[in-house]
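Data first, discussion second: the structure below is written as structure tokens.
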Amino acid sequence: MKRVPEPELMDDPDQARAYAEGDFDQANSLFVETFASRFPDFKRGRVLDLGCGPADIPIRLARLFGQLHVVAVDGAPSMIALADGAIARAGMADRIHTVRWRIGQEPAPAAVLEPFDGVISNSLLHHLDDPGALWRMIAEHAKGGAPVLVMDLRRPSSQDAARGIVEQYSGNEPHILKRDFYHSLLAAYREEEVREQLVEAGQSHFTVEQISDRHLAAYGRV
Ligand SMILES: C[S@@+](CC[C@H](N)C(=O)[O-])C[C@H]1O[C@@H](n2cnc3c(N)ncnc32)[C@H](O)[C@@H]1O
């Protein structure tokens, strides 16, 4: 099935709220487990989260690693507001800082100029008009040797298969979330496309793996 792009930012307040209230426990646990298992020596430092959304993943990581500091960036003010609320409720405001930044379109803000010890990103790649922007940002903002994990949806073979995945995993979620999930599946990349992006970005040593029936992961050290 041919890829169908979707809009970059999730800045509609209803859309952002539906996403923040959705149940992403399985996917977000998978992200944290994948990071911890692929980089077992990584325990502390400054991490950059690109396209943080409501910040559930940085909160989970900061809970797991007591000496972790995260700069969590997103281009959508609605998402940043939801992330700030979640971070405050989790009591993590001293270790997770949000920055509104539309990557690939705006110059890097001061908060991300010092290179990071690790870079993470979940479910951003498929939103980007230019996927190369994500890999360039990673190369620019990670220290040499820093661990990187990018996880995203994996495009199914057909629209019917995408509908089946939406019903299987989000059958009881609100319509707006199911609609976005379906569009995200159609906009997602496949392993071979991500490998091509990595070759172009000079990171062909990264591993690209299917890690669930609907997710892929690309990871390695810069
Ligand atoms: C599907 S959400 C994923 C959020 C979060 N990483 C998670 O796993 O819950 C994608 C996020 O990327 C943000 N985004 C899309 N394009 C962006 C860009 N060019 N720069 C920064 N953020 C962007 C959207 O606003 C949205 O919050």
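For the single chain, residues carry numbers from 1 onward in sequence order. The structure presented is a predicted model; accordingly, all values stated were derived computationally and were not measured.
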Ring pair (Phe, Tyr, Trp, His ring centres under 6.0 Å): pairs with one or both residues in residues 67-98, sequence neighbours excluded:
none

Look at the side chain of [X] and the backbone N and O of [Y], then say whether any donor-acceptor pair between them is shorter than 3.5 Å.
X	Y	answer
S170	E167	no
Q210	S212	yes
D117	V47	no
R154	H215	no

Counterpart residues, ring pair (Phe, Tyr, Trp, His ring centres under 6.0 Å), relative to F39 (two or more places apart)
F35

Y19: what forms a ring pair (Phe, Tyr, Trp, His ring centres under 6.0 Å) with it, not counting sequence neighbours?
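So Y19 forms a ring pair (Phe, Tyr, Trp, His ring centres under 6.0 Å) with F24.
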
If you round to the nearest 0.5 Å, how far is [atom2] of [Y] from [atom1] of [X]?
X	Y	atom1	atom2	answer
L185	R3	CG	CZ	12.0 Å
M1	L186	CE	CG	5.0 Å
L50	L124	CG	CG	6.5 Å

Using a strict cut-off of less than 4.0 Å between a Lys/Arg side-chain nitrogen and an Asp/Glu carboxylate oxygen, indicate whether [X] and [Y] qualify as a salt bridge.
X	Y	answer
E193	R155	yes
R179	E173	no
D12	R17	no
R100	D74	no

Mind checking whether [X] and [Y] have side chains closer than 4.5 Å, heavy atoms only?
X	Y	result
V71	F116	yes
K143	R46	no
L149	F42	no
Q15	D180	yes
S121	L134	yes
Y189	P131	yes

Path from I57 to L216 over hydrophobic side-chain contacts below 4.5 Å:
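I57 and L216: separate clusters.
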
Residues 199-208, side-chain donor-acceptor partners within the protein, below 3.5 Å, at least two apart:
residue: H205; atom: NE2; partner: R221; partner atom: O; Å: 2.8

Mind checking what makes salt bridge (charged side-chain N to carboxylate O under 4.0 Å, His left out) contact with R102, not counting sequence neighbours?
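For R102, the residues satisfying salt bridge (charged side-chain N to carboxylate O under 4.0 Å, His left out) (neighbours in sequence not counted) are E8.
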
Measure centre to centre between the rings of W101 and H141, then say whether the value is under 6.0 Å.
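Yes.
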
Does NZ or CZ of R214 come closer than 6.0 Å to the centre of the six-membered ring of Y169, within 45° of the ring's axis?
yes

For atom CD of Q105, decide whether the heavy atoms of other residues, nucleotides or ligands shown that lie under 6.0 angstrom number more than 12.
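Atom CD in Q105 is packed in, count exceeds 12.
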
Identify all side-chain donor-acceptor contacts of residues 83-95 below 3.5 Å with residues at least two apart in sequence or on another chain.
residue: D84; atom: OD1; partner: T98; partner atom: OG1; Å: 2.6
residue: R89; atom: NH1; partner: G85; partner atom: O; Å: 3.4
residue: R95; atom: NH1; partner: A62; partner atom: O; Å: 3.2
residue: R95; atom: NH1; partner: F65; partner atom: O; Å: 3.1
residue: R95; atom: NH1; partner: G66; partner atom: O; Å: 3.3
residue: R95; atom: NH1; partner: L68; partner atom: O; Å: 3.0
residue: R95; atom: NH2; partner: A62; partner atom: O; Å: 2.9

